Every structure is written in structure tokens, then in C-alpha cells.
Amino acid sequence: MPLVPLSERPPVMELAGINKTFAGGVVALDEMSLAVNAGDFISLLGPSGCGKSTALRIMAGLTQPTAGKIDWPSGQKAGDLGVVFQEPTLMPWATVADNVFLPFRLRGKTYNSVKDEVLEALRLVGLEKFQKSYPRELSGGMKMRVSIARAMVTSPRLILMDEPFAALDEITRFKLNNDLLALKEKIGCTVVFVTHSVFESVFLSDRIVVMAARPGRVVREVTVDAPYPRTEEFRTSADYAAHCRAASDALHSAMEAA
Amino acid sequence: MSLTDQLAPEKMPGAGAVDADEARRQARMRRERIARWVLPAVMLLATLWLWDRIVVWNEIPHYILPGPDRVWASLTGDWDILFDAALLTGRITLMALALAVIGGAGLAILFNQSKMVELSLYPYAVILQVTPVVSIAPLIFIYVESKTAGMLLCAWIVAFFPVLSSTTLGLNSVDHNLRDLFRIYGASRWQKLWMLQLPSALPYFLGGLKIAGGLSLIGAVVAELVAGTGGVGAGLAARIQEAGYRLNIARMFAALSMIAAMGVFIFAALSLLSHLLLRKWHESALKREN
């Protein structure tokens with residue numbers, strides 16, 4: 001699908017002045033504002049303790065902010081959100097197909113009424129042959145693919161990913177990076193992706209939100225204007241290196257300022 | 001273990017040529033498979049033989065220690081009496097186990113759904129568990145008219161707690177991310193219980209069930225001994241007591257071996273049930289390659 005320029009994308013979700021202070025007085029997130037627009041691939045990049053996971057939990061509605069507000073300009077319905085955690089988080093007692101079916105099942109749908117969507121999602125992540133397998137029969141990378149298929153099976157308007165590839169080996173991680181981008185091209189979803197890897201964030205995203213710790217806050221936004229589709233060649237290009245340096249510099253200046 | 005490893009081991013390169021280390025490993029596994037059955041059988045025969053020799057060599061009178069031949073004669077000769085007794089004890093045991101499952105798992109779900117109920121009742125469940133049933137049983141038989149109901153109650157008191165505590169543990173052991181996922185998808189309390197907590201608790205419940213199976217037999221036996229059911233309608237434990245009064249030691253051993261056999265049968269049946277329910281997905285049922 002043709003990529004809409006950053007400035008012309010309609011907003012999906014807006015965070016305004018979000019603050020999260022835990023009971024002990026620790027400020028996890030201070031004055032975070034961010035507009036997530038349709039078609040964005042946003043990375044939240046920062047060291048541990050910068051509140052990127054807290055920000056993601058607030059977006060998912062799992063944590064209430066102490067101050068500030070979250071707004072969904074065109075309203076939010078059930079199934080508007082897909083989530084991928086650092087662990088595959090599959091139900092071990094259910095087959096691959098049943099795991100992907102879960103978001104529909106919780107909304108009271110029968111398997112037969114959404115069978116096509118479930119199988120299509122599995123086909124998109126290349127696991128249609130494994131629909132009857134149990135999670136323990138799959139490798140780590142395959143489990144993560146199932147988790148991604150589950151997150152996108154309802155065609156959500158926003159997919160949140162919390163360091164989904166951090167636990168995988170590098171070869172698998174690169175492969176999944178490529179596949180994730182190909183998938184995004186195909187279904188045109190909006191992604192907010194938490195990572196602590198500069199390289200991963202540059203390869204995947206068009207907007208990198210650089211965050212700093214103590215207190216967790218947004219320090220800068222870096223735009224990666226390299227065109228999609230990005231392939232393995234992009235990984236070794238000068239353009240990629242330049243963007244990595246820019247993101248890395250932003251990260252370092254943020255950490256020095258702290 | 002990936003799926004490809006599992007599907008086509010024979011297509012792996014070099015599967016035909018087995019190195020010496022691998023061959024040793026396979027030979028060891030074969031030996032262990034055979035030994036698993038042969039060794040216990042040999043052990044049993046040796047024990048029986050030694051038992052018999054001790055009785056013969058020391059000329060021990062049968063009213064003190066009968067030889068295995070006499071026990072066998074009692075087992076076959078008194079089979080009708082013993083079998084009826086076993087039926088009675090077995091019935092009480094199984095009914096108590098069923099009630100333990102219903103009561104234990106039911107209470108666990110209730111506790112899980114309401115913290116206030118748990119805080120109010122849990123201490124009393126513990127007290128009931130830690131008080132020896134032998135000391136409660138005489139009171140029970142004073143207040144409970146029916147002997148069957150009294151015995152059931154005794155066996156239930158012993159058996160329900162492992163089901164309760166392991167199911168409670170299981171219901172609380174849900175993966176945190178899965179719990180979050182259910183919240184994000186707006187799951188109702190019942191959906192969460194039915195689709196997430198109960199399946200998560202199943203392996204724990206089955207572990208508790210195996211313990212409860214043995215305990216309900218113990219509970220039934222203790223209840224019989226306390227109730228002292230003589231004459232018609234006596235269970236195995238009552239038969240042991242009765243045979244003891246008559247110095248019929250052979251029949252005591254025969255009844256004892258039947259109780260042991262029942263215990264083994266219950267354990268085997270529950271292990272099989274557990275295996276059938278978990279074999280497809282749970283780590284405990286996973287066969288490791290090396």
C-alpha cells in the first residue's frame with residue numbers, strides 16, 4: 001500500500017501530559033505526550049527504567065495514569081488493540097489455531113464464524129501448517145509468530161509490542177524484523193514498538209521516540225525517512241548507518257543530560 | 001525441541017551410522033526398560049522366598065507369623081468374605097474421593113472468586129486438616145447416625161485438603177502476561193475462570209488428586225477401625241481387626257495385601273487420568289530426547 005506522508009496521517013491515539021507516579025513516590029513517567037497516527041511504526045527507545053514499558057501499559061489500559069489523558073479520536077472498541085509481549089504468552093493447553101482464535105472467542109464468536117480470519121493470520125506469519133500443533137512443539141521464533149498472528153487477527157487499529165524479539169537469537173530476530181515489516185505493508189496496521197536496541201528501532205520504524213530515565217520522559221523524536229519496503233540491503237546501507245548514529249547520539253545526549 | 005526434529009528423525013543426516021557413545025546410550029536405555037519390570041518382580045520373589053525360609057527355619061508358629069503359602073491359602077479360601085469387604089471399603093474410598101474433588105475444587109474456586117470468603121474460611125480448613133482424623137472420628141460417630149455417612153465424613157476430612165490447596169495454588173499460578181492479555185481483550189470474570197484459570201490449575205489439581213486418592217483410602221480405613229463395624233457389612237480394616245482378635249494372622253495379611261492392592265490401583269488409575277489429560281501440552285508429560 002502507498003505510504004501516506006507522516007504529516008497527513010490521521011491520529012489514532014493521543015497521549016497528553018501523561019504522568020505516572022508509583023506509591024513509593026517513584027516517577028515512572030513524566031509529562032509524556034505523543035500522537036500515534038494511522039500507519040505509524042513508532043519505536044519507544046531508551047534504557048531500562050525510562051518508562052517505556054509503563055507507557056505501553058498505559059496505552060493498553062492496564063495501568064491508569066496519575067495525571068494526563070489518553071484520547072482515541074475516533075472512539076475505541078473492543079478488539080481495537082493487539083498486544084505482543086516479550087514472551088510469546090500462548091496458552092500451552094490450546095492448539096496454535098485456538099490461541100489465535102482467543103481474541104474472537106472472548107468476544108463471543110464461534111470458531112467457524114471466524115475460521116477464515118484465523119487461518120489467514122496464520123498464513124501471513126507462515127504457520128498455516130501448524131494450526132493443530134501445540135505451543136511446546138514450536139521453536140521460540142515460531143511461538144512469537146503465533147503471538148503476532150493473535151495480535152493482528154482482529155485487524156486492530158493499534159498493535160502494541162513490548163520488546164517482542166529481545167529473547168530471540170540474532171538470526172531469528174533479523175528474520176522476524178523483516179517479516180514484521182512485510183506484514184505491516186500487507187495489512188497496513190499501526191505499531192508502537194518498545195525496544196532498547198538502536199539498530200532494531202531504526203530498521204523497523206519511521207518514528208523513534210527517544211526516552212530517558214529518572215524520571216522516565218520523552219527527550220526527542222527522531223524521524224527515519226528511509227522508504228519502505230526495507231530489506232536486508234537497508235541493514236548494510238550508509239543511510240541505515242547514518243540513522244543509527246543519529247538515534248544513538250540522541251540517546252547518549254539524553255543519558256548525559258540526566 | 002522443534003517440530004522438524006520430532007517429525008523426521010530418520011531423515012536426519014547420519015541417522016544410519018550410530019557412534020559408540022550413542023550406541024552405549026541406547027543399550028543403557030534398553031537395559032533400563034527391561035529392568036523396570038524385572039527387578040521389582042525378582043525383588044518380590046526373593047522377599048517371599050526369604051519370608052518362607054525364615055518361618056520354616058525358625059519354626060515360627062502360624063499364629064505368630066504365617067508363611068506366604070498360608071496367606072495365599074487365606075486369600076483364596078476367604079475370598080468371598082474379603083472381596084465383599086473390599087467392595088465396601090472401595091465404595092467408601094471412591095465416594096469420599098469424589099466428594100473431596102467436589103468440595104476441594106469447589107472451595108478453591110470459591111476462595112479464588114472471593115478474597116473475603118477465603119480469609120474467613122481458610123484457617124478452619126487448615127485446622128480441620130492438621131487435627132488427626134483418628135481423634136475427630138469418635139465424635140463423628142456419636143453425632144452421625146449412619147455409619148456410612150460417618151465413614152464418608154472421616155475419609156472426606158482427610159482427602160479434601162490436598163485438592164483444595166493444590167487447586168488454589170493452581171488458580172493463582174496464571175501467567176501474568178496471559179492475565180493482562182485477557183484484561184486487554186475485556187474478558188469477563190467467568191471467561192477468565194473458565195478459559196484461563198481452570199486450565200492453568202489443571203496440572204496442580206491432578207497432583208492434589210493423586211495425593212487425595214491415597215488419603216481417602218487411609219481415611220476410609222481409619223474410619224472403619226474407629227467405627228468398629230463388626231459382622232455383616234464390615235470393610236477390609238474391620239476384617240483385619242476381627243481376624244486379629246481371632247489370631248487369624250494369615251487373614252490379616254491377606255486383607256492387608258488387598259488394601260495395598262487397592263491403593264496401588266487408585267494411584268495407577270489417577271496417574272493414567274493425569275497422563276491422558278496432560279500428555280499433549282504439559283511439561284510433565286514431555287519426553288526428552290537426551
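The structure displayed is predicted, hence computed values, not measured ones. Side-chain atoms are counted along with the backbone in the values below, which use heavy atoms only and exclude waters and symmetry mates. Residue numbers begin at 1 in each chain, while the letters A, B, ... track the order of the sequences.
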Item checked: Proximity breakdown for A:R105 and chain B, heavy-atom pairs closer than 4.5 Å -> both
Notebook entry, point to check: Has the side chain of B:R183 got a donor or acceptor atom that lies under 3.5 Å from a matching backbone atom of A:L62?
Noted result: yes
Can you give me the closest heavy-atom contact between [X] and [Y], atom names plus distance?
X      : Y      : answer
A:R136 : B:R279 : NH1-O, 3.3 Å
B:M195 : A:L106 : SD-CD2, 3.7 Å
B:Y185 : A:G82  : OH-CA, 4.2 Å

Check: Is atom OH of A:Y111 surrounded by more than 12 heavy atoms (other residues, nucleotides or ligands) closer than 6.0 Å?
Finding: yes
Check: Would a 4.5 Å heavy-atom cut-off, applied to side chains only, mark A:E87 and B:D175 as touching?
Finding: no
Check: With a 4.5 Å limit on heavy-atom distance, are the side chains of A:L102 and B:L181 in contact?
Finding: yes
With rounding to the nearest 0.5 angstrom, report the [atom1] to [atom2] distance, [X] to [Y].
X      : Y      : atom1 : atom2 : result
B:W281 : A:W93  : CH2   : CH2   : 6.5 Å
A:R107 : B:Q191 : CZ    : CD    : 11.5 Å
B:L178 : A:F85  : CG    : CZ    : 8.0 Å

Run the side-chain donor-acceptor check on residues 37-44 of chain B: report pairs under 3.5 Å with partners two or more places apart or on a different chain.
none

Item checked: Residues which pass side-chain contact (heavy atoms from CB on, under 4.5 Å) with A:N19, listed by chain and number, not counting sequence neighbours -> A:T21, A:V27, A:D30, A:T66, A:A67
Contact class of [X] relative to chain A, heavy atoms under 4.5 angstrom:
X      : result
B:N177 : both
B:L202 : neither
B:S200 : both

Next item on the list: Sort and list the pairs that fulfil salt bridge (Lys or Arg N to Asp or Glu O under 4.0 Å) and have at least one residue in residues 89-101 of chain A, not counting sequence neighbours.
Entry: none
Margin query: Applying a heavy-atom distance below 4.5 Å, give me the residues of residues 143-152 of chain A that approach chain B, sorted by number.
Written below: A:R150, A:A151
